[in-house]
Amino acid sequence: MDPNTEDRDLVELDEDECATLLALESVGRLAVGDATAAPDVVPVNFVLRDGDPIFRSHPGVLLDRVLSSPVSLQVDRFDWFHRTGWSVLVHGVAELIDPDVAGALIEEGDDTLDTWAPGDQPVLVRVRAEYLSGRRIELQQIPLDGRGYL
Amino acid sequence: MNGAAQHGTWSSLPLPIDGSDEHGLGLIDEATCVRLLSHGHIGRLGLSVGSLPVVLPVNYLLQDHTIVFRSEDGDKTRAAELGSVACLEIDHFDLFEHSGWSVLATGRLSIAPNDRAAVYDRLPVVPWALQQSSRFVELSVELVSGRSIR
């Protein structure tokens, strides 16, 4: 594997590209803000509804923090062989989905809303996305000289 | 019949679990968390930028209870210059089994002094893409915790 970092570019992604990549993933890392300390980062499995990530949760200390401070949700994918990949960050504010609506969505049996975590997860949370940012590492194109490469 | 043993995916190999939390997630003991950190290569750094939580992937190495990564000038090096508290999250998921684990290491960021930077320079802690000069950043691991879904 080539450890050389010089033939790779770090490219900022625009919001459309971020939205496209976000839709590919089902597991993200939720960071719960705290202006004075490190954010807590916990994995969540999520689905997109109208462009906003939603996930199941349960009442508790973490949920209280999620609902009372800004959050971000990070997703990424890496290609270990080519040493490339991308990472997208959703910045926003989390809010509870109306319990009746949440109950109906969960009852519908839509398995994309299944949670991996054990225990009762009766609450649905939406991250109201304010903006998306992301970066991609891409290999620079190596021009072929037309003589074949075998 | 034990489904996990049948499928035998790597992530379903039993981690030493030290009881479970109030939501039924398995607690990973500290020694195992450190072992998982020492085997990882990519982690997600959680830090507070302008009092908003941000998560950024880094190529890291665990060296003497310190997480080391290289960074170009930006949010990460600024946080390190300020000695900010940050965390590194690593995880592994099995999309088929809906199982996985995550480990969170929290500590304080700093710019590596020259003598240690010279040591790190000989270690395989190379980011996949670099556009300009970079510095070594240290995250002293003060707290670790881990959770698993079996």
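Numbered from 1 within each chain, the chains take letters A, B, ... in sequence-line order.
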ILVMFWY cluster, [X] and [Y] together (side-chain gap under 4.5 Å):
{"X": "V88(A)", "Y": "L24(A)", "result": "yes"}
{"X": "V58(B)", "Y": "V68(B)", "result": "no"}
{"X": "L88(B)", "Y": "V85(B)", "result": "no"}
{"X": "I137(A)", "Y": "W80(A)", "result": "yes"}
{"X": "F136(B)", "Y": "I111(B)", "result": "no"}

*For atom CG of D115(B), is the number of surrounding heavy atoms from other residues, nucleotides or ligands below 6.0 Å larger than 12?*
yes
*asked:* Around atom CG of D50(A), are there more than 12 heavy atoms from other residues, nucleotides or ligands closer than 6.0 Å?
replied: no
*Any side-chain heavy atom of V27(A) sitting closer than 4.5 Å to one from D91(B)?*
no
*pair I42(B)-F78(A): side-chain heavy atoms closer than 4.5 Å*: yes
_Inter-chain contacts: residues 18-31 of chain B against chain A, heavy atoms under 4.5 Å_ = H23(B), G24(B), L25(B)
_I need the minimum non-hydrogen distance between V41(A) and L104(B), along with the two atoms involved._
O-CD1, 3.8 Å
*asked:* Counting heavy-atom pairs under 4.5 Å with chain B, which one of P43(A), A117(A), S26(A) comes out on top?
replied: P43(A)
*Can you tell which of H91(A), Q121(A), Q74(A) has the highest number of heavy-atom pairs within less than 4.5 Å of chain B?*
Q74(A)
*Please report the C-alpha distance between H82(A) and W128(B) in whole Å, then the side-chain angles of each, then the deciding distance to 0.1 Å, and finally whether the side chain to side chain contact (heavy atoms under 4.5 Å, CB included) criterion is met.*
CA-CA 9 Å; H82(A) 294 106; W128(B) 290 356; over 6 Å; no
*Residue pairs, two or more places apart or on separate chains, that pass side-chain hydrogen bond (donor to acceptor under 3.5 Å, both in side chains) and touch residues 79-88 of chain B*: E81(B)-R135(B)
*When only heavy atoms count and the cut-off is under 4.5 Å, which of residues 53-70 of chain A reach chain B?*
H58(A), P59(A), P70(A)
*To the nearest 0.5 Å, what is the distance between CG (L95(B)) and CG (N45(A))?*
9.5 Å
For residues 43-57 of chain B, which side-chain N or O atoms pair as donor and acceptor with protein atoms under 3.5 Å away, sequence neighbours left out?
{"unit_1": "R44(B)", "atom_1": "NE", "unit_2": "D76(A)", "atom_2": "OD2", "d": "2.8"}
{"unit_1": "R44(B)", "atom_1": "NH2", "unit_2": "D76(A)", "atom_2": "OD1", "d": "2.9"}
{"unit_1": "R44(B)", "atom_1": "NH2", "unit_2": "D76(A)", "atom_2": "OD2", "d": "3.1"}

